[in-house]
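It should be emphasised that the depicted structure is a prediction, and the values quoted were computed from it without experimental measurement.
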Amino acid sequence: MKDNDEKIKDKLLTISRLKEDIRFYKQIDVSRAYDRMMSEIVRQQRRLWLRNIFNHVFNRAASILFIPLLAGALVLSYLYYRHTESSPATFAEVVVSPGTIMQIELPDHSRVWLNSESRLRYPVQFKGKTRRIELEGEGFFDVYTNAAMPFEVTAPSGLKVIARGTEFNLKAYNGDEVNEVVLQEGAVDVIYKDCQVTIRPGDMVKLDKKNSQVTRTAVQTDEKTAWKDGKIIFRNTPIEEVMKQLSRRYNVNITLQNPKQKPYLVRATFSTETLPQILDYLKIAAPIKCQIMKTEQNEDSTFDRQQINVTIK
């Protein structure tokens with residue numbers, strides 16, 4: 001009996017739920033829902049159609065504009081290149097104080113060591129077919145290799161050194177009667193007026209500015225390039241040249257008296273020695289007498305270069 005009652009209750013509950021569902025579906029406006037669905041479909045189709053049209057027009061416009069834009073970009077690039085090429089070059093100048101040595105790197109990554117009282121002038125950007133710079137004084141050049149753009153150094157005397165990737169030393173002080181080019185590695189062309197000489201490692205070219213004579217000899221390169229490492233090497237060097245190098249190295253004025261009395265050649269190597277120590281050594285090597293003058297202070301609180309008188313006995 002209880003089982004029959006439970007079944008009757010389940011059937012009545014099911015009938016009640018069906019009546020509620022029927023009542024809910026009767027409240028739905030099927031026609032209106034259909035119209036809304038069709039409107040949404042039409043709107044989505046219109047949006048897709050407009051998007052396709054926009055993409056088509058944009059692609060055609062981009063294709064049409066690409067050529068003139070490309071041409072415009074090429075014209076602007078050409079004009080900028082011509083302006084850069086034709087614009088005047090900007091130069092930098094390095095001046096080395098007396099008694100000091102300086103190392104710099106050029107725009108092409110070449111390295112230069114500059115000796116005391118030297119001046120180097122170079123463009124901040126190398127243009128054209130040649131890397132041109134100017135040197136007054138002494139410099140050791142480690143040239144970055146670029147066969148398509150030769151490296152050219154010009155001295156005040158008009159002497160030129162042309163390299164493509166090499167190491168060489170150029171000594172061209174205004175007050176010296178001789179210019180020297182010493183090649184340590186590679187090959188360079190030395191040009192003076194109508195004379196052109198190609199030299200190899202271990203060669204030195206001398207220009208006598210008085211008679212415009214160019215000569216080539218063999219040398220030991222370390223004697224000519226040791227200055228960049230803080231050393232001074234003399235190998236049978238005339239005492240006049242010794243005093244001149246010491247004057248530049250130690251920023252003093254050395255006056256040599258009676259230089260023609262007898263030729264003295266000096267052979268020595270110095271690195272950390274002071275000037276008084278070097279002079280003491282020279283007194284042993286040659287019959288000379290040194291007088292170091294007292295330095296007086298000027299009215300503006302500065303001091304003149306110290307004066308040293310060297311007399312050959």
Could you check whether any side-chain heavy atom of [X] comes within less than 4.5 Å of a side-chain heavy atom of [Y], counting everything from C-beta outward?
X    : Y    : result
F126 : N146 : no
M204 : E180 : yes
V205 : V214 : yes
N174 : E136 : yes
D203 : T217 : no
N169 : E138 : yes
K193 : S212 : yes
F141 : F151 : yes

Just verifying a value: how many Å separate [X] [atom1] and [Y] [atom2], rounded to the nearest 0.5 Å?
X    : Y    : atom1 : atom2 : result
F270 : R249 : CZ    : CZ    : 10.5 Å
E152 : D189 : CD    : CG    : 10.5 Å
E177 : S157 : CD    : OG    : 13.0 Å
E167 : L183 : CD    : CG    : 9.0 Å
L256 : I239 : CG    : CD1   : 6.0 Å
Y122 : E93  : OH    : CD    : 10.0 Å

Any donor and acceptor pair, going by atom type alone, linking the side chain of [X] with main-chain N or O of [Y] inside 3.5 Å?
X    : Y    : result
D208 : K210 : yes
S247 : Q245 : no
N211 : Q213 : yes
Q277 : T274 : yes
E223 : T221 : no
T237 : V242 : no
R216 : T198 : yes
K209 : D176 : yes

Does the side chain to side chain donor-acceptor pair (under 3.5 Å) test come out yes or no for N115 and E117, once each step is laid out? CA-CA 6 Å; N115 206 348; E117 299 179 296; over 6 Å; no
Same cluster or not: [X] versus [Y], using hydrophobic residues (I, L, V, M, F, W, Y) connected whenever any side-chain heavy atoms lie under 4.5 Å apart?
X    : Y    : answer
L120 : V95  : no
Y173 : Y192 : no
I233 : V266 : no
V112 : F140 : no
V178 : V219 : no

Which atom pairs, donor and acceptor, lie under 3.5 Å between side-chain atoms of residues 281-291 and protein residues at least two apart or in another chain?
| unit_1 | atom_1 | unit_2 | atom_2 | d |
| --- | --- | --- | --- | --- |
| Y281 | OH | R267 | O | 3.4 |

Evaluation steps, side chain to side chain contact (heavy atoms under 4.5 Å, CB included), between F168 and V153: CA-CA 11 Å; F168 66 92; V153 187; 3.9 Å; yes
Hey, mind stepping through V181 and N179 against side chain to side chain contact (heavy atoms under 4.5 Å, CB included) and telling me if it holds? CA-CA 7 Å; V181 180; N179 286 176; over 6 Å; no
Could you note down all residue pairs passing ring-ring contact (aromatic ring centres under 6.0 Å, His included) where residues 209-251 supplies at least one of them, sequence neighbours left out? none
If you look only at distance, which donor and acceptor atoms sit under 3.5 Å apart when one is on a side chain in residues 97-109 and the other is two or more places apart or in another chain?
| unit_1 | atom_1 | unit_2 | atom_2 | d |
| --- | --- | --- | --- | --- |
| T100 | OG1 | S97 | O | 2.7 |
| Q103 | OE1 | W113 | NE1 | 3.4 |
| E105 | OE2 | H109 | ND1 | 3.0 |
| D108 | OD1 | S110 | N | 3.1 |
| D108 | OD1 | S110 | OG | 3.2 |
| D108 | OD2 | S110 | OG | 2.8 |
| D108 | OD2 | R131 | NH1 | 2.5 |

Answer yes or no: are there more than 12 heavy-atom neighbours, outside K171 itself, under 6.0 Å from its atom NZ? yes
Does Q306 form a side chain to side chain donor-acceptor pair (under 3.5 Å) with N253? I'd like the steps, not just the answer. CA-CA 6 Å; Q306 188 171 41; N253 291 328; over 6 Å; no
Tell me, with the steps shown, if Y264 and I312 meet side chain to side chain contact (heavy atoms under 4.5 Å, CB included). CA-CA 9 Å; Y264 285 101; I312 299 178; 3.5 Å; yes
Are V182 and I199 close enough, and set up right, to give a side chain to side chain contact (heavy atoms under 4.5 Å, CB included), and what steps lead you there? CA-CA 9 Å; V182 176; I199 61 176; over 6 Å; no
From CA spacing to verdict: side chain to side chain donor-acceptor pair (under 3.5 Å), Q307, T255: CA-CA 8 Å; Q307 178 66 38; T255 302; 2.8 Å; yes
Going by the salt bridge (Lys or Arg N to Asp or Glu O under 4.0 Å) test, name the single residue among R235, K228, K231 that passes it with D222. R235
Tell me the closest heavy-atom pair linking [X] and [Y], and the distance in Å.
X    : Y    : answer
S118 : G137 : OG-CA, 3.5 Å
G165 : T145 : CA-OG1, 3.6 Å
V94  : L114 : CG1-CD1, 3.9 Å
R248 : S116 : O-OG, 3.0 Å

Under the criterion side chain to side chain donor-acceptor pair (under 3.5 Å), I'd like the reasoning laid out for N251 against R305: C-alpha separation, chi angles, the key distance, then a yes or no. CA-CA 7 Å; N251 189 25; R305 294 175 70 174; 2.9 Å; yes
Applying side-chain contact (heavy atoms from CB on, under 4.5 Å) between I191 and each of L159, I162, V197, report the one that passes. I162
